2 protein chains.
Amino acid sequence: MAGSQSIEQLSAVLELFTEQHGLVTVDDIMAALGLTRSTGYRTVRALAETGLIDRVSDEGYVLGPRILELYRQLQTGNPLLAVARPLMMALAAESAKGTAVLLCRSYRDQVMCLHQEMTYGPQEPVSYQVGKPMPLYAGSSSLVVLAALPRPRLQRLYERDAALIAKAGLAKSSEEFFRALKEIRKAGSRVSRGEVDKGRIGISAPFVQGDLGIIGCLSIVLSEAHASDMDISRARLQVVAAADDITRQLAGGERQKAAGVAVKRKAQK
Amino acid sequence: MAGSQSIEQLSAVLELFTEQHGLVTVDDIMAALGLTRSTGYRTVRALAETGLIDRVSDEGYVLGPRILELYRQLQTGNPLLAVARPLMMALAAESAKGTAVLLCRSYRDQVMCLHQEMTYGPQEPVSYQVGKPMPLYAGSSSLVVLAALPRPRLQRLYERDAALIAKAGLAKSSEEFFRALKEIRKAGSRVSRGEVDKGRIGISAPFVQGDLGIIGCLSIVLSEAHASDMDISRARLQVVAAADDITRQLAGGERQKAAGVAVKRKAQK
DNA sequence: TGTTTAAATACCAATATTTGGTACTGTAAC
DNA sequence: GTTACAGTACCAAATATTGGTATTTAAACA
């Protein structure tokens, strides 16, 4: 049961809920998926019973409380977060006011922030918000993740996004692109100033999750106004150490696998 | 497409991910839903493609990044949150350090916190965490929500949960139960001390969402050590005013409905 | 390096679920 | 009271899902 087609359909319903358009009517759903009345209502009712969507008066449906419940289960049950959170809290505790610590990962040719730890006190905004997919080609977080992706995937990305990549000021040719990424890879970390948010400095280092192609990074985001060069290089050391720690712990957590061999399977396709 | 049965199945898969057991194997899923190998793998693959679940090395699957994306869309698109958040921020801004402001609602015979605003500074813990279903029979938030539920539903709840209700010290008989709730309803707010978290005082007031049976509440949670009686009565006034404001704004937001008639349809079933 | 074991996928006819037309109900507007 | 409309019930026809088995792939082993 629950064949792949119905799951796709369900996913299509959930996709109708966007940031701008949070309220979806049954008619919207029927129209978008090409369903008849009966089927439309039935689908919506079934979804509402699971709590994934939620009826709001006569106007339509919004995403439901079950989403929050799942969110919480992800927060508590996800091994990456379990490993990363204490490290992030430690980093935040050692950092100056107005600093943000971010955990991001690759997600569908984009980068998504999974978790943030903020130091006390007022914060300048950070565009990388939890759950918001961000472009791959700007910002220290995106770039270290990008640089860590396997070559064939980068190839495809460049072919598709050459224009975007040029526009982001990252590279004007395929050669330049690969060279730039190679340098980031070699450096093992990346600092960018005001690339995404004016007045912010991002400092990021990558990690790998398990034998699979899940690539992520840890970032420290400083306020440009208050950060000295020494602060930046200190943050860089910290973030690299913490990211390596994540890689190690995630690999170590995989049961018996005592040997440090790792990474055999091909990453993504 | 996406018939109700497949949606149930999908929901059943998501239910396997719990706080304690965040990592689920394909075998777990096949066993839990009684699927054969082929179907099990297919289902899992389809779900992974939507991003709802996410493969973590060889060990199995965890809830995936799509959950975070949906979480964010709920945060930005949900009209209740849109209305409540500014009010909550205002309340938090006016409150003493260590205060938490909570938005909760009824959810499947439980109460779930949808959002929190904390004042700056260290916080004693609050059990009502976002996305965590809480029992209906203790704590000011739960009780004001409970008291606002329609009578027939209360009847069924009492029949089912008489033992729980007695154990929570709420009522030893059906009469006492309804009388206690009636008083809460009449008071329009509720204060409870250390009922859920030691050292915390909860102050809650209910609101209704639209013509439907969605009942929620706004709560201010103070630290028992620092709150004077005056602080408490001030908070009570604030929380009642803000909750009423939510009710009003949610009703007003429903287009033309200029008349203040409202609430015709029966609440839940 | 070659062999064994296990995990995961491809395939396709049988099956069970989904589907959509119409008819029906209750509620709100007129 | 009547009309319009959102939402549901029903059931035979159509379709997607299912589950054996065979096959592929990759890791573990010797």
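Proteins come first, then strands; the chains are lettered A, B, ... in the order of their sequence lines, and each starts at number 1. Computed from a predicted structure; not experimentally measured.
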**Asked** Quick one: does A:Ser204's side chain have a donor or acceptor within less than 3.5 Å of a partner on A:Ser141's backbone?
**Response** yes
**Complete:** To the nearest angstrom, the CE-P distance between B:Met30 and C:dT9 comes to 12 Å
**Prompt:** Would you say A:Val24 and A:Val62 make side-chain contact, with heavy atoms under 4.5 Å?
**Reply:** no
Taking distance alone, no hydrogens or angles, what donor-acceptor pairs closer than 3.5 Å link side-chain atoms of residues 143-150 of chain B to residues at least two apart or in another chain?
none

**Request:** May I ask you to evaluate whether A:Tyr41 reaches the phosphate of D:dT8, defined as a side-chain N or O under 4.0 Å from OP1 or OP2?
**Result:** no
**Asked** Could you state the CZ-C1' distance from B:Arg45 to D:dT24, rounded to the nearest angstrom?
**Response** 13 Å
**Prompt:** Could you state the CG-P distance from B:Leu47 to D:dT17, rounded to the nearest angstrom?
**Reply:** 13 Å
**Item:** Base D:dG19 to side chain B:Arg42, donor-acceptor N/O within 3.5 Å cut-off
**Value:** yes
**Item:** Check: B:Ser38 side chain, D:dG20 base, donor-acceptor under 3.5 Å
**Value:** yes
**Message:** Looking at C:dA7, I'd like to know if its phosphate oxygens (OP1 or OP2) sit under 4.0 Å from a side-chain N or O belonging to B:Arg55.
**Reply:** no
**Item:** Most 5' of B:Ile7 and B:Asp27 on DNA chain C, judged by nearest nucleotide
**Value:** B:Asp27
**Prompt:** Out of C:dA7, D:dA16, C:dA10, which has the shortest distance to the side chain of A:Gln5?
**Reply:** D:dA16
**Partner set under side chain to side chain contact (heavy atoms under 4.5 Å, CB included) for B:Val26, not counting sequence neighbours** = B:Met30, B:Tyr41, B:Val44, B:Tyr61
**Rounded distance in Å - CD (B:Gln9) to P (C:dT17)** = 10 Å
**Message:** Can you identify which nucleotide, out of C:dG20, D:dA6, D:dG19, has its nearest atom closest to the A:Arg37 side chain?
**Reply:** D:dA6
**Message:** Whole angstroms only, please: what is the CG-C1' distance between B:Leu35 and C:dA8?
**Reply:** 16 Å
**Request:** Would you tell me if any nitrogen or oxygen in the side chain of A:Ser6 comes within less than 4.0 Å of OP1 or OP2 on D:dT17?
**Result:** yes
